[in-house]
Protein chains: 2
Amino acid sequence: MKSRNSVRPATEVPIGTLAEAAGVNVETIRYYQRRGLVDEPNKPLGGHRRYSPSAIKRVVFIKRAQQLGFTLEEVKALLRLEDGQSCGETRVLAEHKLAIIEERLADLNRMRRLLKTLISECSAGKRPRSCPIIATLSAGV
Amino acid sequence: MKSRNSVRPATEVPIGTLAEAAGVNVETIRYYQRRGLVDEPNKPLGGHRRYSPSAIKRVVFIKRAQQLGFTLEEVKALLRLEDGQSCGETRVLAEHKLAIIEERLADLNRMRRLLKTLISECSAGKRPRSCPIIATLSAGV
DNA sequence: ATAAGTTCCGTACCCTGGTACGGAATCAAG
DNA sequence: CTTGATTCCGTACCAGGGTACGGAACTTAT
């Protein structure tokens, strides 16, 4: 017999390959496992674990969600909705995140306008002293 | 004599009051002092330090800037704009900060656009079977 | 004047999101 | 079957941004 006790489809890869495919490093995968975001397949008694393509998807999902500003805890919540059946709940999470991001955008835009003003006044030599940046950004205190 | 050796305007408050007014806790103020973001007023020989309203503004500013994604080191640089004497120096600093802010804005805008798209697809119920947010997060792997 | 509440100061510890290390076991190729 | 690369697993460490602790000194209210 050729195959002693298991046929391993090429799609089932070891952790290094998973990490590479997902664009993170091995330690990060393990870290996600410790955090409960990725699960450890049970390993073939004394052997090395193998991961299915869905694990790759999962890790990529995590990275993408992070880029959208979700923390790992939040990503965990999103992953629980991964079956795609709880669209409503998912949407609430997304809307909440969106609101936070929009607030930050507003603040940041204010800051940007202020800096631009400061810079142009500086160039014009109008203001030898300091700028009202703090006064403006800490307004309403 | 009533006032032994100093008149203390009510606006000059002790650290606990400062912390409360700024919405952070005392330890955080001290931490900022260690990091050089807030300075320690010299204390009346053996007594307790008192802080002026500008200290409150400063702390509030720090918190806001942080929410916008600036690290404490960056906030420190921003604060030097306010303290700044030399206009030329200030301008360079301001231009640098402006660049950082614009990057951050770009990031946040990207997140916002994506989230908005996803949310609206969700609402439109275009994909009845699977949630578009989840689908996008796992797509194309 | 005395008790209760703050402040001061140093040091130690916490969480988040990872990265690094190192020895033993296991796998894959020649 | 030997060699070199991976995996496993635990533990330690990193940066950033704080929080907690504890005793002594000081302030404030009664």
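Below, all heavy atoms of this structure are taken into account, side chains as well, without hydrogens, waters or symmetry copies. Reminder, nothing fancy here: chain letters follow the sequence lines and each chain counts from 1.
Residues B:Ala19 and B:Val26 come closest through the heavy atom pair CB-N, 3.7 Å.
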Take A:Val59 and A:Leu37, measure what side-chain contact (heavy atoms from CB on, under 4.5 Å) needs, and give me the verdict at the end.
CA-CA 8 Å; A:Val59 176; A:Leu37 283 103; over 6 Å; no
Check the pair A:Lys97 / A:Glu74 against side-chain contact (heavy atoms from CB on, under 4.5 Å), numbers first and verdict last.
CA-CA 10 Å; A:Lys97 191 50 72 176; A:Glu74 288 166 340; 2.9 Å; yes
A:Thr17 vs A:Tyr51, test: side-chain contact (heavy atoms from CB on, under 4.5 Å). Steps then yes/no.
CA-CA 9 Å; A:Thr17 310; A:Tyr51 299 81; over 6 Å; no
Go through it in stages, so that I can follow the logic: the residues are A:Arg110 and A:Asp107, the test is salt bridge (charged side-chain N to carboxylate O under 4.0 Å, His left out), and I'd like the CA-CA distance, side-chain angles, deciding distance and then a yes or no.
CA-CA 5 Å; A:Arg110 274 204 300 146; A:Asp107 272 3; 3.5 Å; yes
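In this structure, B:Arg30 does not reach the C:dC9 phosphate: none of its side-chain N or O atoms is under 4.0 Å from OP1 or OP2. Considering only side-chain N and O atoms, B:Arg49 lies under 4.0 angstrom from the phosphate OP1 or OP2 of C:dC9. Residue B:Lys43 has a polar side-chain atom (N or O) positioned under 4.0 Å from OP1 or OP2 of C:dC9.
Positionally, the nearest nucleotide of DNA chain C for B:Tyr51 lies more toward the 5' end than for the other of B:Tyr51 and A:Leu45.
The 12-atom threshold is exceeded at CD of A:Gln33, counting heavy atoms of other residues, nucleotides or ligands nearer than 6.0 Å. More than 12 heavy atoms of other shown residues, nucleotides or ligands fall within 6.0 angstrom of atom CD in B:Gln66.
If you measure from atom CD1 of A:Ile62 to atom C1' of C:dT16, you get 15 Å, rounded to the nearest angstrom. The NE2 atom of A:His48 sits 10 Å away from the C1' atom of C:dA24 (whole-angstrom rounding). Atoms CD (A:Glu20) and C1' (D:dT7) sit 15 Å apart, rounded to a whole Å. Here the P atom of nucleotide D:dC26 and the CZ atom of B:Arg50 are 15 Å apart, to the nearest Å. Counting to the nearest Å, the C1' atom of D:dT27 and the CD1 atom of B:Ile15 are 15 Å from each other. Put simply, CD1 on B:Ile29 is 14 Å from C1' on D:dT19, counting in whole angstrom units.
Pairs of residues two or more places apart, or lying in two chains, that qualify as salt bridge (charged side-chain N to carboxylate O under 4.0 Å, His left out) and include a residue from residues 22-37 of chain A are A:Arg35-A:Glu73.
With salt bridges taken as basic N to acidic carboxylate O contacts below 4.0 Å, none links A:Glu89 and A:Arg80.
For the helix from C:dA1-D:dT30 to C:dG30-D:dC1, the rotation axes defined at the first and last 5 base pairs enclose an angle of 20°, given to the nearest 10°.
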When you compare the protein's N or O atoms with those of nucleotides 17-21 of chain C, which come within less than 3.5 Å of each other, and at what distance?
from   : atom 1 : to      : atom 2 : distance (Å)
C:dG17 : N7     : A:Tyr31 : OH     : 3.2
C:dG18 : OP2    : A:Tyr32 : OH     : 3.4
C:dG18 : OP2    : A:Gln66 : OE1    : 3.2
C:dG18 : OP2    : A:Gln66 : NE2    : 2.5
C:dT19 : OP2    : A:Asn25 : OD1    : 3.0
C:dT19 : OP2    : A:Thr28 : OG1    : 2.3

